[in-house]
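Per chain, numbering begins at 1; letters A, B, ... match sequence-line order. Only a predicted model underlies this, so the values are computations on that prediction, with no experimental measurement involved.
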Amino acid sequence: MLPKVYTPSKVEKRWSEKWQEEKLFLPDKNSEKETYTIVIPPPNITGALHMGHALNNTLQDVLIRYKRMTGFASYWVPGTDHGGIATQNILEKQLKAEGETREDLGREDFLKRMWQWYEECGNIILRQLKKLGCALDISKENVRFTMDEKRKNAVFAAFKDLWDKGYIYPGERIINWCPRCKTALSDIEVEYEEQNSKLWHVHYPSENGGKGLIIATTRPETMLADTAVAVNPKDEKYRSLLGKKLSLPLTGRKIPVISDESVEIGFGTGALKVTPGHDPLDFEIGERHKLERLQVISFDGLMINCPEKYKGKKAIEARKMIVRDLEEAGYLVKEEPYKHSVSTCYRCHAHIEPLISEQWFVKMKSLAAPAINAAESGEIKFHPENWKKPFLQWLENIQDWCISRQIWWGHRIPAWYCLNCCKGYLSTLSFGDKDSENRTYEILPANIYPNNRKELFKHGLIIISKEKPSSCPKCGGKKFEQDPDVLDTWFSSALWPFSVFNWPEKTKDLERFYPTSTLVTGYEILYLWVARMVMSGYEHMGKKPFSHVYIHGTVRDKKGKKMSKSLGNVIDPLEMMAKYGTDAMRFSLITQAIGGKDIPFSQEMLIGGRNFVNKIYNVMRFILMHIDENEKIKAPIPPFFDISDRWIFHRYNEMIRNFRNCMESFDASNALNHVYSFIWDDFCDWYIELAKPRLETEERKNVFAIIFKIFSGALKTLHPFMPYISEELYQNIKKYLVSPRKFLLDEEIDKFFPELTDEAALEEMTKVMDITSKIRTLRSQFSIPPAQKIKALISSPDARLRQTISRNTFRIKHLSRLCSIEIGEMPKPPESVCAISGAAAIYLPIKGIIDIEREKTRLLKELKKSISQAEYAKNKLNDKYFREKAPKNEVEKMKQRKREAEEKTAKLKSFIAELE
RNA sequence: GCCCAGUUGGCGCAGCGGUAGCGCGUUCCCUUGACAUGGGAAAGGUCAUAGGUUCAAAUCCUAUACUGGGCACCA
């Protein structure tokens, strides 16, 4: 005998192991079926599964299982991402705890450690996904990694391709520099935070001591690198100063007043200090006016090239000192509170420093064109669609992509420099590598400005090669140096939908599975990842990478805040799975993943899921409890004569239709709701209740046949959402099923069959259910204990209705716990309470215990409702516009409503009269 | 500044043209042999505000107000 309460952990372990052992999730190589493919958004190898992963992967699993069970050969491609900066940061933290830095270790040893980390921890997350029930084959041969050999090939091929086409180039410009991660970032890797700061107004006097002008700035520390002050040419206020020179406070350096259209008249003071070395807009102005670029903040975020007192100070400290010095020297005119957004690093949230440096870029404009077309034409569809517009807007305003990172963990840029050819362009500064025995000349690391890649590029001295070239094609030289930078981790991610199939090799899998079907992802990486996959898909494969983008929201805490360690509001999915069961967690995630909206998640929400699991488990227990182990069950054969049988098939069929429709329109949440209420409300609460007495009659065999048919069918629809409980129960009833498969996943979910639609059965059962509810309400209101069987009288002038009721006497009796029902056309007996169900009046004779006042109050309340309903319907029908313009069936409906409300009113009135 | 969502019972959300549903919570009754992680019942919402379209609006349109998000700007 099964225990009363289901314990998930054992069951989950058993099935997740079994599924893997049996290779259930690998695609059938010989299948003729249409493929359905999803490539996993590869989780970073940074550690443990979080709620976001749980949501993302649950949704993918739902789709994969659903498709597989509706006739597709589905394949979910697993893998992990090396996760550049994020992973390197973790290791650096570890080193720090050991009192070391990556520089201490040197590049080679540091990378060794990184790989060791990957070997040890790289697959933890996949094992956790296995626990989550994901239909992913996580065997070593099947799992991809963004830095394994095959993916390396893909990265090189893509790089080479873009290089040959002239899209990749080294360039020098202002980039986003994270002084903490010590690397450049692309524009979309920068986040913005609103911050209360100040706007300082500073007096810049003329060089001859004249009045000069006043500028406003939020970053006074950068004034040490000012090389001009710009005003709008149309600004009358400053016209006389144009071309004159100002004396920069604190240093006395002379800087010109220039005119530039980009300066907005009336913004701030209308005069803009120009700092080409530390501000993107100023950099552009500097370009236009050929201004000198000074750098006063280093790549470590410390002050350099400045008066001694500031040197080596952090920028933020230098700011305080400079403000104080300005004030003391009388240059500070005013200081006002100012709110502006500060850019921060998406990995560590340190302040981003805009700095000039030489980086590798990809020209994006022409790559974006096919992606724009794909979104516009609907070749790639978004679910929900409202992300299409932002997606397009981003692509339309696309900037060149900075792909070089000054970290060590990643795909090293496959650019080589022949030391002989490059002599003269290269400096001799070292960049901390220990693996440079034979090095004569070295490439400057990009974080030391300036360096010379752009010169080498101009002279055609950059060699693109996967391995170290054997000899220089120009001079035959043998000594080479590889570019020190690595590629943005998103560069390899962008190739994922085809690199997983070993592109550029022309594999069968690539042929068979590309383009993939659906990509499931959170909106936060729509540009960072999705847009780039679309672009690379068209560029390298000539085809879109996927047809649908299924976008979900972010899992937040119950107040809507982002989960973060610092806020202490993180909910650990593993803990939740252990506590409530995996199916319960999946249930609550899915039911809330609606229309791409964020999910306010809390533990309480898991209760509903857990209860549902328990409910299903128990109905199973009930079924098994009443069947003999050796009993043979045949397929149920229509036509069915019992109204509840006809009704449950009707409801089941409707559920199937709704379920399928929802799934096809990417509404997993609603699909699950339909399954949920079918199982709980229709099947358990009504059908099984009605089946109970029948199990002891000659109907027994038929009833079981139907129970197994319906229940196994429901388990199939449930399987994509809650794989464990459904599999477990399926295995338990397998022997009673007609043609069971080894695993539930191999079964086919039923189709919608129009011929099973049975409106008559629905109508009749609805009647039975309504009468039952009315009687239950009376019993509850008059505190008749459930154990007490009582008599009911049902009166109606409608002969057909009386017939219907009498056909269902035993059902109503059973459901309402009555000893007998008398049907006829009778007056309300004395000492009875009553209710109205449509055209029928229900009387429960109760001797001596009726509280007259209470009954009267109750009836008056009902009467009031009934009168207002009749009133409403009457008014509607009196409205000639309604009668003329509304569709006929609406008018009919209203007429019926009026009739029913009026009948009810009349009855209630008479009942009340009798009480007086 | 531009754009996009959201505003529905105590809480979280569905519904998106015919007078409101779900889950959790609350109150009452019930340990009847699948399930108290259960059953039955009840209370509780004029669907943000103001206009408009329509025979009919939570549902469509237009403003407004909050809330959240994306993009741009940020001297």
* Asked: Atom CG of Leu818(A) to atom P of U32(B): distance rounded to whole Å?
  -> 20 Å
* Among A75(B), C74(B), A41(B), which nucleotide sits nearest the side chain of Arg776(A)? -> A41(B)
* To do: Answer yes if the ring centres of His626(A) and Phe622(A) are under 6.0 angstrom apart, and no otherwise.
  => yes
* Asked: How far, in whole Å, is G9(B) from C22(B) if one measures between their P atoms?
  -> 15 Å
* Interatomic distance where CH2 belongs to Trp686(A) and P belongs to G39(B) [whole Å] -> 12 Å
* **Pairwise C1' distance, A75(B) and U67(B) [rounded to whole Å]** => 31 Å
* To do: With C1' as the reference atom in both, quote the distance from G45(B) to C13(B) in angstrom, rounded to an integer.
  => 14 Å
* Look at the aromatic rings of Phe666(A) and Tyr550(A) and report parallel, tilted or perpendicular, splitting at 30° and 60°. => perpendicular
* NA contact type, Leu624(A), heavy-atom cut-off 4.0 Å: base, sugar-phosphate, or nothing? -> nothing
* **Under 3.5 Å donor-acceptor pair, Lys615(A) side-chain atoms to C35(B) base atoms** => yes
* If you look at every strand shown and take non-hydrogen atoms under 4.0 Å, does Arg610(A) touch a base, only sugar-phosphate, or nothing? -> base
* Asked: Within the structure shown, what part of the strands sits under 4.0 Å from Glu264(A) by heavy-atom distance: base, sugar-phosphate, or nothing?
  -> base
* How far, in whole Å, is A14(B) from G6(B) if one measures between their P atoms? -> 9 Å
* Donor-acceptor pair present, Glu689(A) side chain and A34(B) base, under 3.5 Å -> yes
* For Glu892(A) and C55(B), what is the distance between atoms CD and C1' respectively, to the nearest whole Å? -> 16 Å
* Asked: Under a 4.0 Å N-O cut-off, is there an ion pair linking Arg897(A) with Glu900(A)?
  -> no
* Phosphate contact (G38(B) OP1 or OP2) by Asn611(A) side-chain N/O below 4.0 Å -> yes
* Does Lys692(A) get its side chain close enough to the base of A34(B), under 3.5 Å, for a donor-acceptor pair? -> yes
* Asked: Is the phosphate of U37(B), meaning OP1 or OP2, less than 4.0 Å from a side-chain N or O of Trp680(A)?
  -> no
* State whether Ser783(A) places a side-chain N or O below 4.0 Å from either non-bridging phosphate oxygen (OP1 or OP2) of C29(B). => no
* Asked: For Arg817(A) and C30(B), what is the distance between atoms CZ and P respectively, to the nearest whole Å?
  -> 14 Å
* To do: Heavy atoms under 4.0 Å is the rule here; annotate nucleotides 11-22 of chain B 5' to 3' with B where the base is hit, S where only the sugar-phosphate is, and - elsewhere.
  => -SSS---BB---
* Determine the contact category for Leu272(A): base if any of its heavy atoms lies under 4.0 Å from a base atom, sugar-phosphate if only primed atoms, P, OP1 or OP2 are that close, otherwise nothing. => base
* Asked: When rounded to the nearest Å, what value does the distance between C1' atoms of U7(B) and A50(B) take?
  -> 15 Å
* Can we say Glu353(A) and Arg219(A) salt-bridge, meaning some charged N sits less than 4.0 Å from an Asp/Glu carboxylate O? -> yes
* How long is the line joining NZ of Lys273(A) and C1' of A75(B), in whole Å? -> 8 Å
* **Of Leu241(A), Leu213(A), Leu272(A), Leu248(A), the residue whose pairing with Val229(A) passes side chain to side chain contact (heavy atoms under 4.5 Å, CB included)** => Leu213(A)
* Between atom CD in Glu336(A) and atom P in A75(B), what is the gap in whole Å? -> 13 Å
* Roughly, in whole Å, what's the span from CG in Leu395(A) to C1' in A72(B)? -> 16 Å
* To do: May I ask you to say what Ile623(A) touches in the nucleic acid, namely base, sugar-phosphate or nothing, with a heavy-atom cut-off under 4.0 Å?
  => nothing
* **Selection residues 596-618 of chain A - residue pairs positive for ring pair (Phe, Tyr, Trp, His ring centres under 6.0 Å), sequence neighbours left out** => Tyr6(A)-Tyr617(A), Phe587(A)-Phe612(A), Phe612(A)-Tyr676(A)
* To do: Give a yes/no on whether any side-chain N or O of Lys579(A) is located under 4.0 angstrom from OP1 or OP2 of U37(B).
  => no
* Return the 5'-most residue of the pair Val619(A), Gln781(A) with respect to RNA chain B, ranking by each residue's nearest nucleotide. => Val619(A)
* Find the distance Tyr523(A):OH to G68(B):P and express it as a whole number of Å. => 13 Å
* Watson-Crick or G-U pairs under 3.5 Å in RNA chain B, rendered as dot-bracket with [ ] for crossing pairs and | for another strand -> (((((((..((((....[..)))).(((((.......))))).....(((((..]....))))))))))))....
